[in-house]
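A short write-up of the structure that comes next.
Nothing here was measured: the structure is a model prediction, and the numbers come from that model.
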Amino acid sequence: MRLSGLQKEVLSLYRQCLRECRKKPEVSRNRFLRFARSEFDKNIKIDKRDFTAIEFLLRKGRRQLEVYSSPGVKDIQ
């Protein structure tokens with residue numbers, strides 16, 4: 001099955017999130033992984049043709065990733 005451009009972007013963002021989680025302290029890594037997974041799971045039912053919503057969520061996800069990737073962020077609640 002071929003993926004659309006937006007689907008590739010979503011998968012790329014998810015992989016980036018997982019990579020960033022590996023950089024976090026081991027004691028809080030699972031919380032970062034669970035948070036990332038839950039954010040993607042919240043929106044799994046969005047229609048793949050709803051481009052506006054998907055693009056909005058991609059922008060939001062990239063901003064969140066940028067914030068949480070900061071070396072000063074050691075834990076997430």
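Cluster membership check: F40 shares its hydrophobic cluster with L18, using side-chain heavy-atom separations under 4.5 Å among Ile, Leu, Val, Met, Phe, Trp and Tyr. The hydrophobic cluster containing V10 also contains F51, counting ILVMFWY residues as joined when their side-chain heavy atoms lie under 4.5 angstrom apart, directly or transitively. The hydrophobic cluster containing L13 also contains F56, counting ILVMFWY residues as joined when their side-chain heavy atoms lie under 4.5 angstrom apart, directly or transitively. L57 and L65 end up in the same hydrophobic cluster when Ile, Leu, Val, Met, Phe, Trp and Tyr side chains are linked at under 4.5 Å.
For the atom pair R2 CZ and Q7 CD, the distance stands at 11.0 Å (nearest 0.5 Å). Put simply, CG on L11 and CD on Q16 are 11.5 Å apart, with the number rounded to the nearest 0.5 Å. Expressed to the nearest 0.5 Å, how far CD of E55 lies from CZ of R59 amounts to 6.5 Å. Atom CZ of residue R34 and atom OG of residue S28 lie 10.5 Å apart, to the nearest 0.5 angstrom.
Considering every non-hydrogen atom in both V67 and V73, the closest pair reads O-CG2, 3.5 Å. Nearest heavy-atom pair across A53 and I46 is CB-CG2, 4.4 Å. The minimum heavy-atom distance between K8 and L3, with the atom names listed, is CE-O, 3.6 Å.
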Should R63 and E66 be marked as a salt bridge (Lys or Arg N to Asp or Glu O under 4.0 Å) after you check the CA-CA gap, both sets of side-chain angles, and the distance that decides it?
CA-CA 5 Å; R63 283 192 306 271; E66 186 177 329; over 6 Å; no
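Taking a cutoff of 4.0 Å between a charged side-chain nitrogen and a carboxylate oxygen, E39 and K42 qualify as a salt bridge.
Checked by atom type and distance alone, the side chain of K24 never pairs as donor or acceptor with a backbone atom of L33 at under 3.5 Å. Counting only distance, with no hydrogens or angles, the side chain of K48 and the backbone of K45 share no donor-acceptor pair below 3.5 Å.
Taking the side chain as every heavy atom from C-beta outward, F32 and R29 never approach each other to under 4.5 Å. Using a 4.5 Å heavy-atom cutoff, the side chains of R62 and L58 are in contact.
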